[in-house]
Amino acid sequence: MTAVLHELSGDGVLLLRINRPEAKNALNQDVRQQLAMHFLDATGNSAVKVIVMTGSQEVFVAGADIKAMAAASPIELLLRQNQTYWDAIAHCPKPVIAAVNGYALGGGCELAMHADIIIAGENATFGQPEVRVGIMPGAGGTQRLARAVGKFKAMLICMTGQTFTGREAAEMGLASKAVPDAEVLETALQTARTIAAMPPIAIRQIKEVMLAGADAPLETALMLERKAFQMLFDSEDQKEGMQAFLEKRKPVYRGV
Ligand code: CAA
């Protein structure tokens with residue numbers, strides 16, 4: 001069975017659907033490799049403007065595959081080089097939206113946090129329960145979660161393994177917004193279509209500057225922003241966007 005289903009719409013939205021229902025979409029090497037391959041392909045495919053990743057109504061991803069790692073040695077884990085698969089997602093220059101219904105646990109919560117925007121079902125179940133199986137988050141959970149919700153909430157979540165709902169995720173700043181469960185995918189796709197219609201170079205710069213700036217001193221980050229802002233004035237889409245405003249018409253962006 002294909003572990004990651006994919007579908008590219010005419011408006012530039014690539015939908016990736018994790019599809020391993022027998023294991024609650026747990027991340028084994030097959031799922032990781034297929035996800036990474038789709039993100040690398042999308043990076044080089046100009047027809048893809050925005051990526052939406054999702055699971056099913058019942059589960060986004062229930063974490064790393066515990067059966068596939070229970071007996072692993074540290075060297076086996078090292079040789080799996082899983083960070084290369086995560087890097088393909090983290091370094092994707094195009095906007096990524098996670099549409100989360102059901103369980104987003106451990107590696108599933110970490111996968112969602114690789115996205116730029118998270119649309120969560122109100123009743124989705126987020127958490128970093130690794131500590132309950134004797135380990136700790138290993139794909140960014142201690143770092144991305146703390147940056148998203150702050151040290152004190154992140155410590156509580158990682159040290160107790162307690163789960164929280166999509167509504168709570170949105171309240172604490174982990175999800176961009178929570179919507180009724182049945183509306184998650186359509187909200188994510190609608191958001192993706194809105195972003196896909198924006199000038200692609202500006203979108204790419206927003207993502208690059210926001211992510212790079214978050215790890216830089218404020219002055220450096222503001223300089224990065226200024227340079228990118230100035231650089232956009234060399235794009236045809238900047239001329240088109242402002243001209244269309246002045247002529248009171250809808251802009252037509254071409255990504256140049
Ligand atoms: N790995 C491997 N298999 C998993 C899995 C996982 N993370 N999560 C669920 N499954 C499997 C179950 O073993 C079960 O398989 P069998 O039918 O062969 O027994 C099948 O999926 C159905 O699961 P349940 O019967 O448990 O379904 P449920 O509805 O009763 O519970 C659940 C759902 C709450 C998600 C529960 O399955 C669960 O707690 N899963 C584990 C969650 C977890 O601990 N995730 C963290 C993993 S470690 C990690 O992610 C490390 C990291 O940071 C990268």
Side-chain angles (χ1 to χ4, degrees), residues 1-5 16-37 39 53-92 96 98-115 118 120-149 151 153-169 174-175 181 184:
M1 197 196 303
T2 310
V4 179
L5 305 170
L16 299 179
R17 198 188 281 273
I18 300 157
N19 177 46
R20 205 184 159 221
E22 72 283 6
K24 302 277 176 196
N25 288 350
L27 300 173
N28 62 2
Q29 295 312 88
D30 198 23
V31 179
R32 287 192 180 94
Q33 279 167 8
Q34 288 190 34
L35 267 178
M37 182 200 73
F39 274 91
M53 57 178 174
T54 195
S56 65
Q57 277 299 110
E58 187 204 352
V59 59
F60 179 68
V61 166
D65 190 315
I66 297 174
K67 290 170 192 164
M69 66 182 167
S73 72
I75 295 298
E76 278 166 2
L77 293 181
L78 182 150
L79 292 175
R80 285 180 193 175
Q81 296 283 326
N82 282 344
Q83 75 279 4
T84 60
Y85 303 129
W86 289 108
D87 284 351
I89 307 172
H91 297 157
C92 178
V96 179
V100 179
N101 261 323
Y103 297 108
L105 299 176
C109 187
E110 290 167 313
L111 178 62
M113 288 192 286
H114 275 64
I118 299 176
E122 286 168 339
N123 300 302
T125 304
F126 286 82
Q128 297 289 162
E130 291 91 341
V131 72
R132 296 186 179 202
V133 290
I135 56 169
M136 62 177 281
T142 59
Q143 303 308 309
R144 288 196 177 88
L145 187 63
R147 281 162 171 75
V149 306
K151 169 188 158 186
K153 283 208 162 70
M155 285 282 188
L156 186 64
I157 291 165
C158 290
M159 288 186 173
T160 64
Q162 279 165 6
T163 60
F164 49 100
T165 65
R167 174 153 297 287
E168 289 168 320
L174 174 57
D181 297 354
V184 169

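Heavy atoms only: backbone and side chains are in, while hydrogens, waters and symmetry mates are out. Keep in mind the model is a prediction, meaning the values are calculated, not measured. For ligands, and for the atoms within them, numbers begin at 1 and follow the listed sequence.
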Between ligand 1 and [X], is the shortest N or O to N or O distance under 3.5 Å?
X: Ile66; result: yes
X: Ala26; result: no
X: Ile135; result: no
X: Gly138; result: yes
X: Met136; result: no

Open item on the list: For atom 9 (C) of ligand 1, what is the closest protein heavy atom, and at what distance to 0.1 Å?
Closed with: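 For this ligand atom, the closest protein heavy atom is Lys24 CG, 3.6 Å.
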Open item on the list: Counting non-hydrogen protein atoms only, what is the nearest one to atom 14 (C) of ligand 1? Give residue, atom name and distance.
Closed with: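 Nearest protein contact, heavy atoms only, for atom 14 (C) of ligand 1 is Lys67 NZ, 4.3 Å.
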May I ask you to list the atoms of ligand 1 that are less than 4.0 angstrom from any heavy atom of [X]?
X: Glu130; value: 48 (S), 49 (C), 50 (O), 51 (C), 52 (C), 53 (O)
X: Pro129; value: 43 (C), 44 (O), 45 (N)
X: Glu110; value: 52 (C), 53 (O), 54 (C)
X: Gly106; value: 50 (O)

- [ ] Tell me which part of Ala62 gets within contact of ligand 1: side chain, backbone, both or neither, using heavy atoms under 4.0 Å.
- [x]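 Near ligand 1, Ala62 shows its backbone as well as its side chain.
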Open item on the list: I need the contact type for Met69 against ligand 1. Using non-hydrogen atoms and a strict under-4.0 Å cut-off, is it side chain, backbone, both or neither?
Closed with: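 For Met69, only side-chain atoms sit under 4.0 Å from ligand 1.
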TODO: For Met159, look at atom CE and say whether over 12 heavy atoms of other residues, nucleotides or ligands are found less than 6.0 Å away.
DONE: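 Atom CE in Met159 is not packed in, count stays at 12 or less.
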Task: Asp30/Arg20 salt bridge by N-O under 4.0 Å criterion - done: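 The answer is no: the pair does not qualify as a salt bridge.
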Open item on the list: I'd like to check atom 26 (O) of ligand 1 in this structure: does the protein have a heavy atom lying under 4.0 Å from it?
Closed with: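 No.
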